[in-house]
Amino acid sequence: MSVLDAPAGTAPGRDSTSSGEGLVPVFVRLKLTLVRNGLRQSAGRRAAYITSVALALLIAAGQLIALIALRGNAHADSLVVLLAGVLAAGWTVLPLFFPSGDETLDPSRLVMLPLRPRPLITALLMASLVGIGPLFTLCLAAGSVIAVAQGTAGAVFAVVAAPLTLLVCVALTRAVATANTRLLTSRKGRDLAVLSGLLIAVGFQVVNFGAQRLGRAGGLSTLDPVADVVRWLPPASAIGAVDSASQGSYGQAAVQLLLSVAALLALVWLWQRSLVKLMTAPDGSTLATAEPNREKAGKGGSKLSALLPQGRTGPVMERSLRYIARDPKTKAAWVTALAIGLIVPMFNALQGTGSLYFACFAAGMLGMQMYNQFGQDTSAFWMVAQTISSTRDAYLELRARALALLLITLPYTIAVTVVTAAVLGDWDALPGVMGLSFAMLGAMLATGAVASANFPYSIPQDGAFKNVAPGQAGLAWISIFGGMISSALLCAPVIVATIWLYVADMEQWLWLLLPAGAVYGALISWAGLRLAAPRTANRLPEILAAVSKG
């Protein structure tokens, strides 16, 4: 069946469908068909979809009941207003990080159809209301208005505010998705998808931190100052209008509701403008426009090479740095390590219960990037293998990769430790913590080099969250966790020295751990590289076979 189903003798673009009549049910059926056909692909996908629907409905029902239970609470309005703001933020960023979740988010698929922008937008907006996300949002919006609605005026505003909140959220996500369609279908868009897991993890840490601070600060009353601002921002202003009408402030309620209506109209207008531009303007990413960028990139590479050591070390370091900047999975691993290495010590410090020794987490997270060095090369490792003909070549290769890692890790570890010390005000422990971090980093470089030679595994290029080829999970576990345990054992002398200084009440000598840890870490990393070099040179065929798998 055609999307338009034009009757015989009717000119394309002038039938009832293209003029808006009947286009909405066609697009709703199209959306349902996409969902049904996706579920037919495999039993696993059906099971995952049914499970996600059940969990979403269960969570939505729980949230709805919890919001209704807040009815009558003096500060319920602050919570529901902020909840609406969080929902809007989620609807804004989700299309940027999960573009493949809904194929209708890409309106460029409809370019060749004789459809006018205005009826097309109406149909797409209605089709967007079909799904788990809109149902979940509607449950939260309904619970929010029930929690604050009082009297007849509040009920009247609530009937309008709940669906209006949903429409603003959906229009917002559609406008953002349409404006960034070409980004979402490019390599940068795939990079965003790879990094989506990091955003979610950081978001959960922020929410957890906020909940802990809220519990210690005296409950919902601490939300009032922020809510007083957010209640004037759409779509939270629609929820705020219900509370204002319930309090008898009808003029304020009308203004807040009109703000959400105006936001909806503005988003639809922006959506239509982006849609017209997308369907009529050519894509500028052509070969001709790309050539200057390539020349510029080439000049940038030569500048980078000039700053790096000569011989084999410089090119290998440059290659490793380019992997970090360009390869999506390598980039995701580094960004995750950088973010979590800062989040853990800082969140503990801000809670007032942390220790400066949490800053060692930064060195540990970044040191893990030394593991499976050859796996990030995938099948291209055969080109590297051609340049390794002796133990010395293998040593220079591993040393250069370690130096590239240190180029980022050393200043970052120092920065995290200093910032954490500033937040805690614990400057006395700073030298000891930094020395322990240097020792830990050196130990992880050593064990990472050995693990890369003995337990290499492939990193598949397909799938954003698929980081180990089938059948190699055991190698990955041994490489990472075995290396971490070995690193902890190698750091034992510095750890014991630190504990002894505290037990013996000799904290004034902690500064000695800074040079001692740095020297110890350098010696351990040198020994690890020396130990891994002959193993790498002798196992080149096995390493190549392992990293090329999958």
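Quantities reported herein were computed from a predicted structural model and do not represent experimental measurements. As a basis for the values below, the full set of heavy atoms in this structure was taken, side chains included, without hydrogen atoms, waters or symmetry mates. Position 1 is the first residue of the sequence, and the numbers go up from there.
- Looking only at side-chain heavy atoms (C-beta outward), Pro345 and Val416 come within less than 4.5 Å of each other.
- Partners of Phe381 under the side-chain contact (heavy atoms from CB on, under 4.5 Å) rule, at least two apart in sequence or in another chain, are Phe374, Asp377, Val384, Ala385, Leu540, Ile543, Leu544, Val547.
- One finds the CZ atom of Phe481 at 11.0 Å from the OH atom of Tyr371 (value rounded to the nearest 0.5 Å).
- Here the shortest heavy-atom pairing between Val159 and Pro163 reads O-CD, 3.1 Å.
- None of Arg174, Met126, Gln272 except one satisfies the side-chain contact (heavy atoms from CB on, under 4.5 Å) rule with Ile121; the exception is Gln272.
- For the atom pair CE of Met365 and OH of Tyr412, the computed distance is 9.5 Å after rounding to the nearest 0.5 Å.
- In this structure the side chain of Gln247 never reaches within 4.5 angstrom of the side chain of Gln150, judged on heavy atoms.
- Not counting sequence neighbours, the partners of Ala123 by the side-chain contact (heavy atoms from CB on, under 4.5 Å) test are Leu23, Val24, Phe27.
- Within the model, atoms CG of Leu267 and SG of Cys169 stand 10.0 Å from one another, a figure rounded to the nearest 0.5 Å.
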I'd like to know whether Ile324 forms a side chain to side chain contact (heavy atoms under 4.5 Å, CB included) with Ile408, so could you lay out the CA-CA distance, the side-chain angles of the two residues, the decisive distance to 0.1 Å, and finally the verdict. CA-CA 11 Å; Ile324 297 172; Ile408 301 173; 3.8 Å; yes

Show which side-chain atoms of residues 228-240 pair as donor or acceptor with protein atoms under 3.5 Å away, not counting sequence neighbours.
from: Arg231; atom 1: NH2; to: Asp77; atom 2: OD2; distance (Å): 2.9
from: Ser237; atom 1: OG; to: Gln256; atom 2: O; distance (Å): 3.1
from: Ser237; atom 1: OG; to: Ser260; atom 2: OG; distance (Å): 2.6

Checking side chain to side chain contact (heavy atoms under 4.5 Å, CB included) for the pair Leu120/Leu124: CA distance, chi angles, key distance, verdict? CA-CA 6 Å; Leu120 177 60; Leu124 287 174; 4.0 Å; yes

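- Tyr323 and Thr330 get closest at one heavy-atom pair: O-CB, 3.6 Å.
- Checking side-chain atoms of Lys331 against main-chain N and O of Ala325 turns up a donor-acceptor pair under 3.5 Å.
- Of all heavy-atom pairs spanning Pro456 and Ala546, the tightest one is O-CB, 3.5 Å.
- By the side-chain hydrogen bond (donor to acceptor under 3.5 Å, both in side chains) test, Gln252 is found to be paired with Ser244, residues two or more places apart in sequence or in another chain being considered.
- Arg319 pairs by the salt bridge (Lys or Arg N to Asp or Glu O under 4.0 Å) definition with Glu397, not counting sequence neighbours.
- Remark: Ser246 engages no residue in a side-chain hydrogen bond (donor to acceptor under 3.5 Å, both in side chains) (not counting sequence neighbours).
- Between atom CG of residue Leu405 and atom CD of residue Gln373 there is a gap of 7.0 Å, rounded to the nearest 0.5 Å.
- With sequence neighbours left out, the side-chain contact (heavy atoms from CB on, under 4.5 Å) criterion links Leu32 to Val28, Val130.
- Going from atom CH2 of Trp271 over to atom CG of Leu264 covers 10.0 Å, rounded to the nearest 0.5 Å.
- Between Phe455 and Asn372, the closest side-chain pair of non-hydrogen atoms is not below 4.5 Å.
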Going through the checks in order, is the side chain to side chain contact (heavy atoms under 4.5 Å, CB included) test met by Leu83 and Leu67? CA-CA 10 Å; Leu83 178 61; Leu67 290 170; 3.9 Å; yes

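- The side-chain hydrogen bond (donor to acceptor under 3.5 Å, both in side chains) contacts involving residues 54-71 comprise nothing, where partners must be two or more places apart or lie in separate chains.
- Side-chain contact between Leu167 and Leu129 is present, with at least one heavy-atom pair separated by less than 4.5 Å.
- Rounding to the nearest 0.5 Å gives a distance of 8.5 Å between OG of Ser452 and CD of Gln376.
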Identify all side-chain donor-acceptor contacts of residues 134-149 below 3.5 Å with residues at least two apart in sequence or on another chain.
from: Thr137; atom 1: OG1; to: Trp91; atom 2: NE1; distance (Å): 2.8
from: Thr137; atom 1: OG1; to: Gly133; atom 2: O; distance (Å): 2.9
from: Ser144; atom 1: OG; to: Leu140; atom 2: O; distance (Å): 2.7

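- Listed by chain and residue number, Thr178, Ala179 satisfy the side-chain contact (heavy atoms from CB on, under 4.5 Å) test with Ser274 (two or more places apart in sequence, or in another chain).
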